[in-house]
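For the single chain, residues carry numbers from 1 onward in sequence order.
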Amino acid sequence: MIRDITIGQFYPVDSPIHRLDARVKLTVTFIYIITLFLINSFLGYFFVIAVLGATIKASKVPLKFMLKGIKSIMIIILFTAFINLFMTRGEQVIWQWGFLSLTVEGVLLAIKMCIRLVLLIVGSSILTLTTTPIQLTDGIEFMLRPFKKIGVPAHEIAMMMTIALRFIPTLLDETDKIMKAQQARGADFDTGSLMQKAKSLIPILVPLFISAFRRAEELAMAMEARCYHGDENRTRMNQMHMQKKDYQALAIGVLYIGAIFGLRYAANIFPFMI
């Protein structure tokens with residue numbers, strides 16, 4: 001399960017998506033997340049799946065590797081499906097027991113919410129899988145630059161977000177090593193009651209926190225040794241420049257938004273589209 005988490009990882013390969021400007025990928029990802037909550041029909045989800053499939057193919061990241069991240073949120077997906085299945089009120093009741101009721105509307109809503117969560121995770125992971133931490137930092141800082149006029153520390157926020165994403169795979173590897181070391185000493189993390197399983201995590205959390213604090217201290221000392229002072233008089237070795245392919249990607253994003261609004265309007269006119 002630990003190895004299945006792909007958030008924060010970078011997949012090094014040469015592809016058209018990898019070569020795009022980080023600012024473009026951030027903008028398109030933000031648009032993608034918003035449009036997921038605007039879709040109100042299965043036809044809209046099929047369209048998003050087709051666009052996402054084409055994007056994954058263009059990124060040259062194996063689909064199997066990208067879908068690994070879904071395993072880590074399977075509990076959240078199942079919980080969301082349960083809540084929408086039995087807590088959604090509707091006119092067409094299939095089954096009812098006490099305050100729990102299964103309706104046709106609840107089944108449809110549960111399916112849509114599960115699809116939305118899967119699309120959200122897979123689509124968002126493309127950003128981190130195709131963008132290096134340095135590019136991501138520069139892109140986030142550029143996007144937050146207008147807020148510096150009102151006192152928002154854009155550079156510091158971008159740096160913290162990128163460091164957090166960068167250290168997710170490192171901490172996962174550390175957790176995996178600690179679990180294997182504890183299992184070699186006879187620790188059991190799979191059997192017992194819920195309370196026993198929670199107590200068995202203590203031998204993992206304590207060394208993990210110690211390791212995390214040690215890594216944070218080493219990173220702080222390394223930054224100080226290199227005279228890092230935040231955004232003060234800072235220059236960049238690689239300047240960000242928009243190219244033709246970046247404007248083409250933004251144009252595709254605009255067309256994508258138009259198609260989503262068109263499908264939403266069509267779903268309101270033709271209810272049989274669900």
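I260 pairs in a side-chain contact (heavy atoms from CB on, under 4.5 Å) with only one of the listed residues (V51, I39, L255), which is I39. The only member of L136, L20, D138 that meets side-chain contact (heavy atoms from CB on, under 4.5 Å) when paired with T131 is L136.
When the shell of 6.0 Å around NZ of K245 is examined, it contains more than 12 heavy atoms from other residues, nucleotides or ligands. Residue-environment remark: CD1 (I75) stays at or below the threshold of 12 foreign heavy atoms within 6.0 Å.
The two residues H241 and D246 come nearest to each other via the heavy atoms O-OD2, 3.9 Å. Across every non-hydrogen atom of S15 and A58, the tightest pair is CB-O, 3.3 Å. In terms of heavy-atom proximity, S124 sits nearest to T29 at CA-CG2, 4.5 Å. The two residues L52 and G123 come nearest to each other via the heavy atoms CD1-CA, 3.8 Å. When all heavy atoms are compared, the tightest approach of R23 to G139 is CG-CA, 4.0 Å.
No side-chain heavy atom of M113 sits less than 4.5 Å from a side-chain heavy atom of I77. Counting heavy atoms from C-beta outward, F47 and L43 have side chains that stay 4.5 Å or more apart. Residues I115 and F42 have side chains in contact (heavy-atom distance under 4.5 Å, counting atoms from C-beta outward). Side-chain contact between E174 and R215: present, with at least one pair of heavy atoms (C-beta onward) separated by less than 4.5 Å. At a threshold of 4.5 Å between non-hydrogen side-chain atoms, the residues F65 and L129 count as touching. Side chains of F213 and S211 form no contact here, defined as non-hydrogen atoms less than 4.5 Å apart. Using a 4.5 Å heavy-atom threshold, the side chains of V48 and T35 count as separate.
Looking at S41, its side chain does come within 3.5 Å of a backbone N or O of G44 through a donor-acceptor pair. Listed for the H18 side chain is a donor-acceptor partner under 3.5 Å among the backbone atoms of Y11. The closest donor-acceptor contact from the side chain of S59 to the backbone of I56 lies under 3.5 Å. Of the possible polar contacts, one joining the T128 side chain to the S125 backbone as a donor-acceptor pair under 3.5 Å is found. Y256 places no side-chain N or O within donor-acceptor distance of the main-chain N or O of A251, the cut-off being under 3.5 Å. Side-chain N or O atoms of R116 include none that pairs as donor or acceptor with a backbone N or O of F37 at under 3.5 Å.
Rounding to the nearest 0.5 angstrom, the gap separating the CD1 atom in I31 from the CG atom in L26 is 11.0 Å. Within the model, atoms CZ of R145 and CD1 of I140 stand 13.5 Å from one another, a figure rounded to the nearest 0.5 Å. Summarising the geometry, atom NZ belonging to K25 is positioned 8.0 Å from atom CD1 belonging to I17; distances are rounded to the nearest 0.5 Å. Atom CD1 of I121 and atom CD1 of I126 lie 12.0 Å apart (nearest 0.5 Å). Atom CG of residue L205 and atom CD1 of residue I210 lie 11.0 Å apart, to the nearest 0.5 angstrom. Atom CD1 of I257 and atom OH of Y32 lie 14.0 Å apart (nearest 0.5 Å).
A continuous path of Ile, Leu, Val, Met, Phe, Trp and Tyr side chains, each step under 4.5 Å between heavy atoms, connects I34 with L263, placing both in one hydrophobic cluster. Taken together through direct or relayed side-chain contacts under 4.5 Å among Ile, Leu, Val, Met, Phe, Trp and Tyr, L63 and V61 form part of one hydrophobic cluster. The hydrophobic clustering, which links ILVMFWY residues whose side-chain heavy atoms are closer than 4.5 Å, places M143 and L127 together. Put simply, V28 and L38 are part of two different groups of oily side chains (I, L, V, M, F, W, Y) that touch within less than 4.5 Å, one to the next. By the rule that hydrophobic residues join a cluster once side-chain heavy atoms approach within less than 4.5 Å of another member, L109 and F46 end up as members of separate clusters.
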Would you sort out whether D173 and K177 count as a salt bridge (charged side-chain N to carboxylate O under 4.0 Å, His left out), showing the intermediate values? CA-CA 6 Å; D173 290 338; K177 292 178 182 178; over 6 Å; no
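With Y45 as the aromatic partner, K112 does not meet the cation-pi criteria of under 6.0 angstrom to the ring centre and within 45 degrees of the ring axis.
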